[in-house]
Number of protein chains: 2
Amino acid sequence: MAYTVKQLSDLAGVSPRTLRHYDAIGLLKPASCGENGYRYYSNESLLRLQQILFYRELDFSLEEIKEIVGSPDFDVIAALRAHKKAMRQQRSRLERLIVTIDKTILHLEGKRNMSHKEYFENFSEEKQRKYAEEIRQRFGDKAFEGCTDWSSYTPEQQAAIRAEIESIYRDFVEKIDHDPRSAEVQQIVARWHQNLRYFYEPSVEGMRGLGQFYSEHPDFAAKFRSMHPTLPEFLLEAIDEYCGNLTGAV
Amino acid sequence: MAYTVKQLSDLAGVSPRTLRHYDAIGLLKPASCGENGYRYYSNESLLRLQQILFYRELDFSLEEIKEIVGSPDFDVIAALRAHKKAMRQQRSRLERLIVTIDKTILHLEGKRNMSHKEYFENFSEEKQRKYAEEIRQRFGDKAFEGCTDWSSYTPEQQAAIRAEIESIYRDFVEKIDHDPRSAEVQQIVARWHQNLRYFYEPSVEGMRGLGQFYSEHPDFAAKFRSMHPTLPEFLLEAIDEYCGNLTGAV
DNA sequence: TATACGGCATGACGTAACGTCAATGTCAAG
DNA sequence: CTTGACATTGACGTTACGTCATGCCGTATA
């Protein structure tokens, strides 16, 4: 029920010094302090520490964290939902950083050209800052994305949409000897893009992620590979190009 | 061709002070130093700075970075591939953190029980450290995952494997009224797990990612939802449980 | 030509979030 | 009853910069 410093530090994967520091700055006070001066942490402390670690993961300063979790109208569950959203953003940032890596490799191998600006894309996103403001303003946020409900379509519509998807994939296979960046192929990507919107409003990042996924995920890749051995890589290149142009245009 | 401090700092999204600091500690020396004492950075500097930022992103200390990028046998492209791998790990760690968030929410809502240990799962992964050691030992790493080549199967085998996958999905639908954590359902998950191995050796994280993906990605979710409206969520829960047990066992 | 103004330089000190001793008290096990 | 792991409070060290202060450079404008 009550944890000592070492016990909690082992559990949470932080150093004892860190816990003492958090006590010192009033960020995480122990639930009780024994006669001997020992710190004892309770259930609630654990939850609070978890919150602190989540915010730390998102690069908040301890001062900011203290303000946030110390606020009287701090809602743990709402905060958790916000964390989820922020981590998804982090994740997509990582994905875009991976794209930057890919581009750089191609560039260094002389297979592609790259502007100096592109070297440093996606390192520091200001979205993180936006999130910080947002959360300081209001803790209760919905965090539910506007994902169109598939079941809102009639069975006939569903069948039609699926058929369209399949036909798009077949069209890709047909053009597989073309350059993925050619106009013809790019047109098919545009159709694919349109089709996605039956499900949700796809962001550029989201689509890039799909391209990645199509080529990486074995289950998916298997499906495409069964249509054509190199289809996944072809799709990846084509979608990447498409997204690149989108970004340039916007 | 030559960038001044401010120009490079704007380009790369770091402060001028940071650049001066990197010069001071010998991490990033300017290509040339003008009569007036001005720092001028070249093309190569840009690439080096990019490398530095990548390592910084992975929480290396500047001292470590200096050692690594300063090493005579430092191979940029190999390093980039290693970055890619490390960032994928980061990404999957984030995904698991999101799972931890979900669990905590369910726990707080009283819909699920959670051990104190679970509170802090996936915050600090020691894999990061493993990567650090690995990269310090040897820069030239292959970074190509052992992904079984789908085309190495005969068409008949491919068909059989796909058929097996489909049958597994159908079995899930059949048991959809059961508890996802029941033994019967877990057995099907085990079959699914086995089947994955035709494609690659799935890690626990990888599988958890799949569960997430099945329920999140619209294209995939659509496929499953067409089989049963709540199949994606069912799969997510079932796979999550399965992975949880695996981790516990190992 | 003067002057303003942004960018450059070098110190030098500040700071955040701990790490790392040092010196000392506490407690459960053998 | 000692031993060894864990507890305490200082206090200083460290990393990766931020933030002045002070002064020089360079060029666009009055």
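Sequence lines set the chain letters: A, B, ... in the order given, protein chains first and strands last, and positions in each chain run from 1.
Taking atom CG on A/L62 and atom P on C/dA17, their separation rounds to 4 Å, with Å as the unit. The distance between atom NE2 of A/H21 and atom P of D/dT8, rounded to the nearest whole Å, is 16 Å. Between A/D23 atom CG and C/dA17 atom P there is a gap of 16 Å when expressed in whole angstrom units. Going from atom CD of B/E63 over to atom P of D/dC17 covers 13 Å, rounded to whole Å. Distance CG (A/L19) to C1' (C/dA17): 13 Å, rounded to an integer number of Å. As rounded to whole Å, 15 Å separates atom P of C/dA17 from atom CG of B/D59. Computed from coordinates, the A/I52 CD1 to C/dC18 P distance equals 10 Å when rounded to whole Å. We find that CG of A/D10 is positioned 11 Å from C1' of D/dC6, with the value rounded to whole Å.
Centroid-to-centroid, the aromatic rings of B/F60 and B/Y55 come within less than 6.0 Å.
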Can you pull every protein N or O that's under 3.5 Å from an N or O on nucleotides 18-20 of chain D?
| from | atom 1 | to | atom 2 | distance (Å) |
| --- | --- | --- | --- | --- |
| D/dG18 | OP2 | B/S15 | OG | 2.7 |
| D/dG18 | N7 | B/R17 | NH1 | 3.2 |
| D/dG18 | O6 | B/R17 | NH1 | 2.5 |
| D/dT19 | O4 | B/R17 | NH1 | 3.2 |

Considering only nitrogen or oxygen atoms on both sides, find all protein atoms under 3.5 Å from nucleotides 25-27 of chain C and state each distance.
| from | atom 1 | to | atom 2 | distance (Å) |
| --- | --- | --- | --- | --- |
| C/dG25 | N2 | A/Y38 | OH | 3.3 |
| C/dT26 | O4' | A/Y38 | OH | 3.4 |
| C/dC27 | OP1 | A/N36 | ND2 | 2.7 |

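Using modelled atom types, one finds a donor on one side chain and an acceptor on the other under 3.5 Å when comparing B/R93 with B/Q90.
Electrostatic pairing of A/E109 and B/R81 counts as a salt bridge here, judged by a charged N lying under 4.0 Å from a carboxylate O. Ion pairing between B/R96 and B/E121 fails under the 4.0 Å rule for side-chain N and carboxylate O.
Side-chain N/O atoms of A/R39 include none lying less than 4.0 angstrom from OP1 or OP2 on D/dA7. Put simply, A/Y22 has a side-chain N or O that comes within less than 4.0 Å of OP1 or OP2 on C/dC18.
For A/T4, counting side-chain heavy atoms from C-beta on, the closest listed nucleotide (D/dC17, D/dA7, C/dA17) is D/dA7. In the set C/dA9, D/dC17, D/dA7, C/dA9 carries the atom at the smallest distance from any side-chain atom of B/R20. Distance from the side chain of B/K6 is smallest for C/dG7 among the nucleotides D/dC6, C/dG7, C/dC18.
Between A/L49 atom CG and A/T18 atom OG1 the span is 9.5 Å, to the nearest 0.5 Å. Atom CD in A/E57 sits 10.0 Å away from atom CG in B/N122 (nearest 0.5 Å).
Considering B/L27, B/V14, B/L62 in turn, B/L62 is the only one that fulfils the side-chain contact (heavy atoms from CB on, under 4.5 Å) rule with B/H21.
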Pair B/T100-B/E118, side chain to side chain donor-acceptor pair (under 3.5 Å): steps then yes or no: CA-CA 7 Å; B/T100 300; B/E118 283 178 289; over 6 Å; no
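B/K66 places a side-chain N or O within donor-acceptor distance of the main-chain N or O of B/I25, the cut-off being under 3.5 Å.
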